[in-house]
Amino acid sequence: VVSAGLVLLALVAGVVGTAVGLVEARRQAAVARGEREDKEEARQKEAEQRAAAVAQAAAATASKDFLKSILVQGNPNEATKERTADPNRTLRAAIDFAAREIDGKFGGQPEIAADLRGTIGQAYLGLGDLPAAERHLTASLELREKALGPDHPDTLDAVSEVGVLAYEKADYRAAEALLKRALAGKEKAFGPDDPKTLYTAGNLALVYEEKADYPAAEALKRRALAGMEKAYGPDHPDTARAVNNLAVLYRDRREWGTAEALMRRAVATAERAFGPDHPVTLSAVSNLADLLLKKQDVAAAEPLYQRALATAERVLGPDSPMTLKAVNNMAALLAARGDRAAAERLFRRALEGFERALGPGHPDTLSIALNLATFYRSGGDLAAEGPLLRRAHAGMEKARGPDHPLTLEITRCLSTFHYARRDLPAAEATARRALEGHERVHGPDHPGTLQCVSDLAEVLREKSDPAAAEPLFRRALPGLERA
């Protein structure tokens, strides 16, 4: 029995030895297989890197060739029998050419097509041509979603760009949905404190500001500022922009003390980050001057406006849009100071300059026309005001649509213009139109909406309809007192 047991044990030992041998053989095979897989993975990774480098080089070449085809349009040395050069070609003409040329190109290279269409769309957005911008920005988004998927960082950038376009169109519902999507995607992809995430948070804040949701806007703007300070420090250009954006919020809420402190900080930060002559610095200086003028501190605002205008003329030239904006601001100050002759000259210089630079229907041109109309109203010159106001209204409806905030403000100005001329039926009709638009875009409690309520009540009172006027006055008064 013992021998048998020993034999048994021997047999068991033999089985165990065989098992150990099999395990070792498998382990060695696995090691060899792992080495082969590692080598294969390394070869595959190297191939992918080579393919990515080739694709990147191809994309760079394709983009360069496309850009060259645009730039040679103004080079006489590149003229051919089929194509004459135009050395006076404008930026708008070059962008229009690019927009035409890209159609039908890059069919097998959707990412390149998306990048170029995004660039063209952004250029049109800067020029104020929203329909053209929409065509290219939405095409860019569709191409990226199809090629890269809905959550790729490049797709999220395109979502954000279309959201900004919706904001410019005053389609705040669409803008909010798009920017929320972009923000959530970037928070997931990059984290909540990454600057790419914070840029989108700042854009979403602008939407909330237009909707008069000031707590939500303030929270996002403060988050953006804190994140930029943490990422870049207090003197970085993006920190300077975040300070300025938060200051504008407080200015619009008429929290003068907080706004002024932040705007002075924005000026100092921009001067350190960009220098005294940079457009961002000039914008911060102008914003501070605007605030001081709204506070009726003309003496403090004047040297800031003078600095902005003199620097813009020296650095950017007399016909630059930024210079012309500074001219307009200086005209507003002169009007507040009572120097109406000098103010009118500057308003007209600004208007004529914008007409040459951007065209008569550009929103910036129309804004100057509105300012000049308001200037004539303040002097009681309704005959001079009327054509400018009607031009601004018709042009802004065409350029921005009837529900854009500036269009609605001009509609309200038309109502008060008719009221001043004692055309009460026209005043009532436009007052109701302005009120309906403000309620639709901003909601019932927005300060602009309540001002329209008050305007309509005043018209009805003048029409001897106190029963209709009284509830409107009661609705408007508490909110306007708070504002």
Side-chain angles (χ1 to χ4, degrees), residues 125 128-131 133-134 137-138 160-183 202-221 245 248-249 251-254 361-364 366-367 369-371 374 389-390 392-418 427-459 472 475-476 478-480 482-483:
L125 189 61
D129 189 338
L130 300 189
E134 183 170 16
L137 292 178
T138 54
S160 183
E161 289 168 357
V162 177
V164 171
L165 171 69
Y167 168 82
E168 289 294 332
K169 292 172 61 183
D171 186 352
Y172 299 126
R173 184 175 302 174
E176 182 178 0
L178 288 161
L179 291 170
K180 276 185 172 179
R181 173 188 165 188
L183 180 59
N203 288 334
L204 181 57
L206 296 177
V207 176
Y208 287 134
E209 196 170 357
E210 286 295 339
K211 295 175 67 178
D213 187 350
Y214 295 120
E218 181 179 1
L220 285 172
K221 287 193 174 189
N245 290 342
V248 169
L249 172 69
R251 182 198 68 190
D252 293 344
R253 288 168 57 177
R254 297 178 178 270
H362 190 278
D364 286 349
L366 298 171
S367 296
L370 174 62
N371 288 344
T374 303
L389 195 56
R390 293 188 182 95
H393 188 257
M396 199 63 71
E397 277 197 325
K398 181 179 179 180
R400 289 288 194 252
D403 284 346
H404 190 274
L406 191 51
T407 307
L408 293 173
E409 181 58 27
I410 301 172
T411 304
R412 179 180 165 267
C413 289
L414 266 178
S415 171
T416 59
F417 170 73
H418 292 312
E428 180 181 357
T430 48
R432 290 189 183 279
R433 182 178 172 189
L435 175 56
E436 290 166 2
H438 273 83
E439 287 179 324
R440 190 165 53 246
V441 173
H442 297 300
D445 300 322
H446 190 277
T449 304
L450 296 175
Q451 186 60 61
C452 290
V453 172
S454 178
D455 291 343
L456 179 57
E458 181 63 28
V459 173
L472 293 174
R475 173 186 168 187
L480 290 175
R482 286 194 302 271

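Just so we're clear, the structure is a prediction, and the values are computed from it rather than from any experiment. Throughout, numbering of the chain's residues begins at 1 and tracks the sequence.
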| note | One should read off an interatomic distance between Arg440 CZ and Tyr172 OH, to the nearest 0.5 angstrom, of 12.5 Å
| query | Can you tell me if Lys169 uses its side chain to pair, donor with acceptor, with the backbone of Leu130 under 3.5 Å? | reply | no
| Which atom pair, heavy atoms only, marks the closest approach of Tyr214 to Glu209? | CE2-O, 3.9 Å
| message | If you define the side chain from C-beta out and look only at heavy atoms, does anything of Leu206 sit under 4.5 Å from Lys221? | response | yes
| task | For Tyr208 and Glu176, run side chain to side chain contact (heavy atoms under 4.5 Å, CB included): C-alpha distance rounded to whole Å, both residues' side-chain angles, the deciding distance at 0.1 Å, then the answer. | result | CA-CA 8 Å; Tyr208 287 134; Glu176 182 178 0; 3.4 Å; yes
| task | Specify the closest pair of heavy atoms between Thr138 and Glu134, including all atoms of both residues, with the distance to one decimal. | result | OG1-O, 2.6 Å
| query | Does Ala434 offer a backbone N or O that forms a donor-acceptor pair with the side chain of His438 under 3.5 Å? | reply | yes
| task | Measure the CE-CG distance between Met396 and Leu370 for me, rounded to the nearest 0.5 Å. | result | 7.5 Å
| said: Within this structure, what is the CD-OG distance for the pair Glu409 and Ser367, rounded to the nearest 0.5 Å? | reply: 11.0 Å
| remark: Smallest heavy-atom separation, Arg390 atom then Phe417 atom, equals NH2-CE2, 3.6 Å
| query | How close do Ala476 and Val453 get, heavy atom to heavy atom, and via which atoms? | reply | CB-CG1, 3.8 Å
| Would Val164 and Leu137 satisfy side chain to side chain contact (heavy atoms under 4.5 Å, CB included), going step by step from the backbone distance to the final call? | CA-CA 10 Å; Val164 171; Leu137 292 178; over 6 Å; no
| Can you name the closest pair of heavy atoms from Leu204 and Leu183 and give their distance? | CD2-CD2, 3.9 Å
| remark: Rounding to 0.5 Å, atoms CG (Asp403) and CD (Glu397) come to a distance of 9.5 Å
| said: Using modelled atom types and a 3.5 Å cut-off, is there a donor and acceptor pairing between side-chain atoms of Thr407 and backbone atoms of Gly401? | reply: yes
| request: Just do the side chain to side chain contact (heavy atoms under 4.5 Å, CB included) check on Leu472 and Ser454 with the steps written out, would you? | output: CA-CA 7 Å; Leu472 293 174; Ser454 178; over 6 Å; no
| said: Treating Thr449 as the side-chain partner and Gly443 as the backbone partner, does any N or O pair qualify as donor plus acceptor under 3.5 Å? | reply: yes
| task | Indicate the atoms forming the closest heavy-atom contact of Leu450 with Pro444, along with that distance. | result | CD2-O, 3.7 Å
| message | Working to the nearest 0.5 angstrom, can you tell me the gap between Glu428 CD and Ser415 OG? | response | 9.5 Å
| Do the non-hydrogen side-chain atoms of Ile410 and Leu366 ever get within less than 4.5 Å of each other? | no
| Taking NZ, NE, NH1 and NH2 as the nitrogens, is one of them in Arg432 or Glu436 under 4.0 Å from a carboxylate oxygen of the other? | no
| field | side chain to side chain contact (heavy atoms under 4.5 Å, CB included) between Tyr167 and Asn203, worked out | value | CA-CA 9 Å; Tyr167 168 82; Asn203 288 334; over 6 Å; no
| Which value, rounded to the nearest 0.5 Å, describes the distance between Leu249 atom CG and Leu220 atom CG? | 10.5 Å
| Within a strict 4.5 Å, meaning less than it, do heavy atoms of the His442 and Pro447 side chains meet? | no
| query | With side chains defined as the heavy atoms from C-beta onward, is the minimum distance between His393 and Cys413 less than 4.5 Å? | reply | no
